[in-house]
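Following: one structure in structure tokens, then a few remarks.
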Amino acid sequence: MLFKPFPFQDRVNAKLHRHGGRALLCAAPGLGKTPMAIRYAVETDSFPIAVACPSSVKLGWERECRKHFGIKAEVLEGTKPYELPERKVYSVNYDILHAWVPTLKAIPFKLTVGDEAHLVKSRRARRSKAFREMTRGIDKMLLLTGTPVLNRPAELWNLLNLLWPDMFPSYFSFCLRYAGAKRKFFGWDFSGASNLEELHDILKECGTVRVSRRIVERELPKKQLLMLPMPLSNPKEYAEAKQDFLTWLKKISPQKAKRAAKAETLCRISYMKRLAARLKMPSVFEWIDSFLEEDDGKLVVFAIHRKAVEALAERYGHSCVVVDGSTPSERRREMVDRFRSNPSIRVFVGNVQAAGVGLDGLQRASCVGLMAEMPWTPGEVQQAMGRLARIGQEHPVRFFFAVAKGTVEEHLCELLQKKSRVIDAVMEGKEAGDLDIYNELLKKI
């Protein structure tokens with residue numbers, strides 16, 4: 001096993017064993033819920049595993065299985081089931097799960113996992129019904145999520161009923177006891193909370209394992225760099241552009257295609273990078289949405305192109321502030337101050353060039369960053385991370401990189417890592433080979 005756990009992950013593992021692999025694991029993004037679940041399966045030989053999760057993280061399961069445990073996982077795609085190869089792990093996103101349930105029911109799973117389990121909190125949603133059907137009759141189940149919102153216990157019932165149906169058999173009875181039930185003219189109101197101490201004790205006894213970031217952060221490195229492999233919304237379009245770039249571009253814009261023909265190689269890299277960023281954006285949105293729902297902190301998002309910044313700004317509207325090249329320098333400080341002081345503003349969207357340099361104060365508002373697009377140079381990456389990992393930051397920094405799977409972004413990410421090592425070696429007075437980003441990319445695409 002290649003996975004090297006932190007001490008708190010060892011403690012979590014012991015609790016998962018104690019509860020027999022039937023648990024609600026609550027931990028913020030970046031604390032390693034995925035490898036902790038896989039580790040438990042390895043130690044108890046609980047294969048095969050069925051994993052239901054958002055589209056934005058299903059490739060992450062494949063990556064974690066391969067990187068940390070040497071396990072080959074199968075990622076399910078589309079709504080037309082096909083014959084599946086024999087694997088230890090199968091991951092499928094909630095949105096297509098209903099189409100795959102009959103196929104998955106034929107596999108003798110020993111463990112089911114619901115990642116970002118808050119997405120199946122609704123009793124009536126199609127994804128919730130599909131997940132319930134997939135897990136029926138399987139003894140071991142791990143539901144992974146951020147800290148559950150106990151001020152609205154009614155939203156927890158479906159998860160608790162999935163895990164412990166004997167303890168929580170009735171939604172109505174549960175809400176009468178724990179959801180501050182009130183009888184109103186139009187019916188019952190279950191939006192409140194009551195007897196929370198009692199509920200907390202019961203959940204802990206049943207098998208709720210909560211990892212508090214503030215308690216375990218002393219065990220974490222000061223800076224975590226975490227890759228998020230992102231699926232494309234339209235893989236066929238990317239494949240078409242990769243196969244015949246000028247023909248694809250001519251469909252988009254004949255004028256641009258004419259100009260690009262004069263310098264096809266460099267234009268091809270640039271356009272492929274932009275295309276990958278555009279096609280992964282739905283997955284980026286999905287990941288940010290999940291973060292905001294399961295983590296109570298704030299998020300700093302860096303992008304490069306104007307359209308990406310505009311898309312993020314439109315998506316998060318009044319809950320975000322934006323700093324890009326058009327933001328006057330005197331207003332940039334105001335944007336940072338609003339981000340820091342206004343609880344309703346959860347997202348800071350910054351252009352890498354405009355917000356990645358000379359902007360102080362973000363570290364006092366957030367310790368979580370997301371690189372929504374990959375820059376060209378490691379210096380830009382370092383500058384962006386430096387907005388959070390600097391003097392005044394009191395917590396370990398988590399910096400996520402959203403990388404479009406199977407695209408030029410993957411190659412660029414690898415090359416940026418190599419070039420970073422070259423720069424570090426030069427700064428430390430060591431010899432290191434030079435690396436030209438463009439030339440290396442040309443060899444790979």
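Residue numbers start at 1 and run along the sequence shown. In what follows, every heavy atom counts, from backbone to side chain, and hydrogens, waters and symmetry copies are set aside.
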Exercise for the section: Classify the angle between the aromatic ring planes of His17 and Tyr40 as parallel (below 30°), tilted (30 to 60°) or perpendicular (above 60°). Expected result: perpendicular

Practice task
Apply the side chain to side chain contact (heavy atoms under 4.5 Å, CB included) test between Val92 and each candidate in Val51, Leu104, Val101; give the one that qualifies.
Solution key: Leu104

Exercise for the section: Could you tell me how the ring of Phe8 sits relative to the ring of Phe6: parallel (under 30°), tilted (30 to 60°) or perpendicular (over 60°)? Expected result: parallel

Problem - More than 12 heavy atoms from other groups under 6.0 Å of CG on Asp296 - result: no

Exercise for the section: Give the ring-plane orientation class for Phe69 versus Phe3, where under 30° counts as parallel, over 60° as perpendicular and anything between as tilted. Expected result: tilted

Problem - Identified salt bridge (charged side-chain N to carboxylate O under 4.0 Å, His left out) counterpart of Glu74 within the set Arg87, Lys88, Arg66 - result: Arg87

Problem - Main-chain N/O of Phe339 paired with Lys298 side-chain donor or acceptor, under 3.5 Å - result: yes

Fill in the blank from the handout: Taken to the nearest 0.5 Å, the spacing of Glu380 CD from Met371 CE works out to 8.0 Å

Practice task
Please report the shortest heavy-atom distance between Ala117 and Leu143, naming the atom on each side.
Solution key: CB-CB, 3.9 Å

Exercise for the section: Rounded to the nearest 0.5 Å, what's the gap from CD1 on Ile107 to NZ on Lys105? Could you check? Expected result: 11.5 Å

Handout entry: Donor-acceptor contact below 3.5 Å, side chain Lys280 vs main chain Ala402
Key = yes

Exercise for the section: Assign the ring pair Trp287 / Phe291 to parallel, tilted or perpendicular, where the plane angle (0 to 90°) is split at 30° and 60°. Expected result: parallel

Handout entry: Single hit among Glu217, Arg214, Arg213, Lys222 for side chain to side chain donor-acceptor pair (under 3.5 Å) with His395
Key = Glu217

Fill in the blank from the handout: All heavy atoms of Ser46 vs all of Leu111, minimum pair found to be O-CB, 3.7 Å

Practice task
Using atom types as modelled and distance alone, determine if a side-chain donor or acceptor of Ser283 lies under 3.5 Å from a backbone N or O of Ser56.
Solution key: no

Exercise for the section: Decide if atom CD of Glu197 counts as having more than 12 heavy atoms of other residues, nucleotides or ligands within a radius under 6.0 Å. Expected result: no

Handout entry: Salt-bridge contact Lys58-Glu77 (side-chain N to carboxylate O under 4.0 Å)
Key = yes

Handout entry: Heavy-atom closest contact (Leu16 atom, Ala23 atom, distance)
Key = CD2-CB, 3.8 Å

Exercise for the section: Check whether the side chains of Tyr178 and Glu198 place a donor and an acceptor atom closer than 3.5 Å, and report yes or no. Expected result: yes

Problem - Crowding at CZ, Arg11 (>12 non-hydrogen neighbours, <6.0 Å) - result: yes

